[in-house]
Participant: 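Okay, handing you the structure first.
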Amino acid sequence: MLPTIDFADEEMTYKVESAAKLAAARDLLQADDPGWAAVFAGAFAGSNLLNWRYTDELVRAAKKRPEVLAPLLRLLWDGRLSESSFNRFVRDLRTHSAGLTPGVGTAVASVLLMGRGAADRPPYRPQAVRRFWRTIGWPATRNDVNPYLDYQNFRRSLDEFRTIASANALPVADLLTAQGYMWLITEWDPRTVLPASEIATFRAWRGDPYTGASSEGAQASARRLRILERLEDNETRLFTRNDLVGHTVDGQPAAILPSSHGTVIPPGFDIPVSLTLSPSVSGTGLARAVDDAGMLRYPHEKQGRTARADQGLLSALETCVPLVVLAPMGDSTYQAVFPVYVHRYLHRDRVFDLDVSGAYLSLRAGIAPEYERRWTVGTTRQRLHQPVFRRDVLQAYNSQCAVCGLSIAGLLDAAHIVPDRDDHGIASVINGLALCKNHHAAFDAGLLAVADDLTIHVSRSIMNSGPDEAVDRLLRDYDGRKLAVIPAIAAWRPDPDLLARTWTAATSKNL
C-alpha cells in the first residue's frame with residue numbers, strides 16, 4: 001500500500017497546515033482580537049477534515065455569528081481540557097445544529113482541538129474509527145452520553161497502533177501520524193495494487209462502507225458489496241420489478257425485492273440486504289417521509305416470520321452494515337436509495353430510524369459536495385456529472401418545480417443557481433433548483449430570481465409590461481411568493497451564499 005501513495009502529501013501536510021491556522025485563531029481569540037473569526041474560517045479552506053456540511057456550518061458561524069461560536073470554542077481552547085468541558089461542547093453544539101449526532105460532535109471537537117497541538121490530538125471520524133477498531137480487533141466504545149470516553153479510547157487505540165507498528169519496523173512519530181495510517185487502512189483504494197479477484201475480499205475484511213463487518217462472514221460481505229456495486233451502475237437509481245427479482249451476483253440468484261414490502265435476507269446472509277417501503281410511505285414522495293435530520297422512520301416488523309428480520313436490523317445497527325431502501329414509484333418501478341444505515345432503535349415506539357442523509361443524494365461523508373467535472377472528447381463537451389446532478393436535484397425537490405409545483409418529470413430540469421462555468425458553480429444539490437422548463441428558461445434569462453430567503457422576484461421589465469394573462473400565470477403571479485417546493489432535509493436546501501451571489505447579479509440588471 002505505502003509505495004502507491006505520497007504519505008506526507010496525502011495525509012500530513014494539510015492537517016498540519018490546518019492545525020497551525022486553528023492555533024493562530026485560538027491565540028487571537030484568547031487575546032480578544034476580532035480577527036480570530038477570519039483566521040478560523042480560513043483554517044477550513046480546502047480541508048476535508050470534516051464532512052462538508054459541518055465545515056460549512058462552522059465557517060458560516062464564524063462569518064455571521066462569531067459571538068455564538070466564540071463561547072463554544074473557549075470550552076475546548078481555554079485552560080486545561082477536561083471531560084466536562086469536552087462533553088459540554090458536544091452537547092451545546094448539538095443545540096445549534098439540527099440532526100448532529102454525538103459521534104459527529106466528537107469529530108468536530110477533535111478537529112478544533114488540533115489548535116492546541118495536532119501531534120497528540122488527531123482528527124476523529126466515527127465510521128472510519130469504528131472500521132479501524134474492527135480491523136485491528138480493538139474493543140469499540142459508543143458512548144453517546146459521554147463522548148469524551150470515545151475520543152480517549154480513539155487516542156489509546158492509536159497509541160497501541162504506534163507500539164505495534166514500531167515493533168514491526170514502521171516508525172510512527174506521534175498520534176497524528178498514526179491517525180494518517182489509520183485513515184489509509186480504512187480508505188485506501190485496493191484497485192491501485194490488488195488484482196480484481198482479491199478486491200472484494202479485501203474490502204470485506206476491512207469493513208468498507210459497502211460491506212460492513214458482521215457475523216455473516218467475508219463471503220457474504222463480499223457479495224453484499226457486489227450487489228451494491230451492481231445497483232450503483234444504474235445512475236438513475238430507478239429499477240423495474242424484474243430488475244430486482246431477477247438480480248444475480250456471481251451467477252447466483254440475489255433477489256432483493258420481497259413479495260410485498262419488508263426486508264429481504266438472501267441465503268447466506270444474517271443481515272437484510274434491502275427493505276422495501278410500503279406504498280403508503282413512498283406514495284406521498286420519499287423526500288417527504290425523510291425528516292430534517294435525514295432520518296426515515298421504519299416500523300418494527302411483526303413477530304413470527306419477520307423476527308429474524310428485526311434481529312438483522314439490530315445487527316446492522318451494531319455493525320454499521322449498509323442497506324438498500326426500495327421505494328415503490330408506481331408502474332412496477334422502484335427507487336433505490338443506498339447505502340443506508342440503521343441509526344437507532346426506539347424501543348418505546350417500536351421503530352427504527354434509518355439514516356439516509358449521506359446516501360439519498362450520493363453525498364458520502366468526507367467527500368466534497370460537488371461532482372468531479374470531466375469532459376468527453378468529441379464535437380461537444382458533454383458534462384458527465386449532469387445525469388447525477390439532475391437525479392439528485394429532482395429527488396431533493398420530490399420531482400416538482402420549486403416555483404410552480406409542476407410534477408411532470410419530463411418537463412423538469414435541474415437548474416444551477418450559479419452556472420457551472422463559474423468557479424462557484426459546484427455541481428451539488430445545494431447549488432440546484434428543480435424548475436419546469438418555462439421557469440428554468442426565465443431563471444437563466446434573468447427574468448426570474450430567488451433571493452436568499454427563498455422569495456421569488458420577477459424582473460421589472462416583466463412586471464411593468466402591458467396586460468397579458470399568459471404572462472401573469474407564467475411569471476407575474478409568483479412575484480413576492482416563497483418557493484412552492486423546498487427540500488425536506490435542511491442540508492439539501494439552496495445555499496444562501498450561492499443564492500445571494502446570483503441575486504446580486506440579477507438586481508444589478510433588471511430586478
Participant: In sequence, state the C-alpha distance, the side-chain angles, and the governing distance for Arg94 and Val90, and then conclude on side chain to side chain contact (heavy atoms under 4.5 Å, CB included).
Facilitator: CA-CA 6 Å; Arg94 295 182 69 197; Val90 174; 4.3 Å; yes
Participant: Do you know which two heavy atoms are closest between Leu22 and Gly115, and how far apart they sit?
Facilitator: CB-CA, 3.8 Å
Participant: Run through Asp353, Leu313, Val340 and flag the one making a side-chain contact (heavy atoms from CB on, under 4.5 Å) with Tyr298.
Facilitator: Leu313
Participant: Heavy atoms, side chains only, cut-off 4.5 Å: are Asp479 and His457 in contact?
Facilitator: yes
Participant: Check the pair Leu49 / Met114 against side chain to side chain contact (heavy atoms under 4.5 Å, CB included), numbers first and verdict last.
Facilitator: CA-CA 11 Å; Leu49 291 172; Met114 292 172 68; 4.2 Å; yes
Participant: Does any non-hydrogen side-chain atom of Phe154 lie less than 4.5 Å from one of Tyr151?
Facilitator: yes
Participant: Any sub-3.5 Å donor-acceptor pair from Arg481's side-chain atoms to Val403's backbone N or O?
Facilitator: no
Participant: Run the numbers on Tyr124 and Leu113 for side chain to side chain contact (heavy atoms under 4.5 Å, CB included), then give the verdict.
Facilitator: CA-CA 11 Å; Tyr124 167 102; Leu113 283 172; over 6 Å; no
Participant: For the residue pair Ala434 and Tyr397, what are the closest heavy atoms and their distance?
Facilitator: CB-CB, 3.5 Å
Participant: With a 4.5 Å heavy-atom cut-off, do Leu296 and Leu277 have their side chains touching?
Facilitator: yes
Participant: Does Asp453 pair with Lys482 as a salt bridge, N-O distance under 4.0 Å?
Facilitator: yes
Participant: Using side-chain hydrogen bond (donor to acceptor under 3.5 Å, both in side chains), reason through Asn431 and Asp495 one step at a time and then give a plain yes or no.
Facilitator: CA-CA 6 Å; Asn431 186 43; Asp495 184 280; over 6 Å; no
Participant: Taking His439 for the side chain and Leu475 for the main chain, is one N or O donor matched with an acceptor at less than 3.5 Å?
Facilitator: no
Participant: Would you mind reporting whether Met463 and Val471 have side-chain heavy atoms less than 4.5 Å apart?
Facilitator: no
Participant: Side chains of Val429 and Pro487: closer than 4.5 Å at any heavy-atom pair?
Facilitator: no
Participant: Quick one: pull up OG1 in Thr106 and CZ in Arg125 and give me the separation to the nearest 0.5 Å.
Facilitator: 14.0 Å
Participant: Do the non-hydrogen side-chain atoms of Pro494 and Ile417 ever get within less than 4.5 Å of each other?
Facilitator: yes
Participant: For residues Ser465 and Arg476, determine if any side-chain heavy atom of one lies less than 4.5 Å from a side-chain heavy atom of the other.
Facilitator: yes
Participant: What are the two closest non-hydrogen atoms of Ser407 and Gln400, and how far apart are they?
Facilitator: CB-CG, 3.9 Å
Participant: With a cut-off of 6.0 Å (strictly less than), are more than 12 heavy atoms of other residues, nucleotides or ligands near CZ of Arg60?
Facilitator: yes
Participant: Can you name the nearest heavy-atom pair linking Leu435 to Cys401, along with the distance?
Facilitator: CA-SG, 3.8 Å
Participant: Does a side-chain heavy-atom distance below 4.5 Å link Asp78 with Arg26?
Facilitator: no
Participant: Where is the tightest heavy-atom contact between Leu354 and Val325, given as atom of each residue plus distance?
Facilitator: CD1-CG2, 4.2 Å
Participant: Hey, could you give me the CZ/NZ distance between Phe44 and Lys21, rounded to the nearest 0.5 Å?
Facilitator: 11.0 Å
Participant: With respect to Val342, which candidate in Leu275, Ile271, Leu323 satisfies the side-chain contact (heavy atoms from CB on, under 4.5 Å) definition?
Facilitator: Leu323
Participant: Looking at every non-hydrogen atom in both residues, tell me the closest pair between Gly405 and Val485 and how far apart they are.
Facilitator: CA-CG2, 4.2 Å
Participant: How many angstroms lie between CG in Leu483 and SG in Cys404, if you round to the nearest 0.5 Å?
Facilitator: 11.0 Å
Participant: Backbone N or O of Ala107 within a donor-acceptor pair of the Ser110 side chain at under 3.5 Å?
Facilitator: yes
Participant: Taking atom CD of Glu469 as the centre, report whether more than 12 heavy atoms of other residues, nucleotides or ligands fall under 6.0 Å from it.
Facilitator: no
Participant: Whether the side chain of Trp77 engages the backbone of Leu112 through a donor-acceptor N/O pair (distance < 3.5 Å, no angle test) should be reported.
Facilitator: yes
Participant: Check step by step if side chain to side chain contact (heavy atoms under 4.5 Å, CB included) holds for Phe40 and Leu29.
Facilitator: CA-CA 10 Å; Phe40 178 89; Leu29 178 61; over 6 Å; no
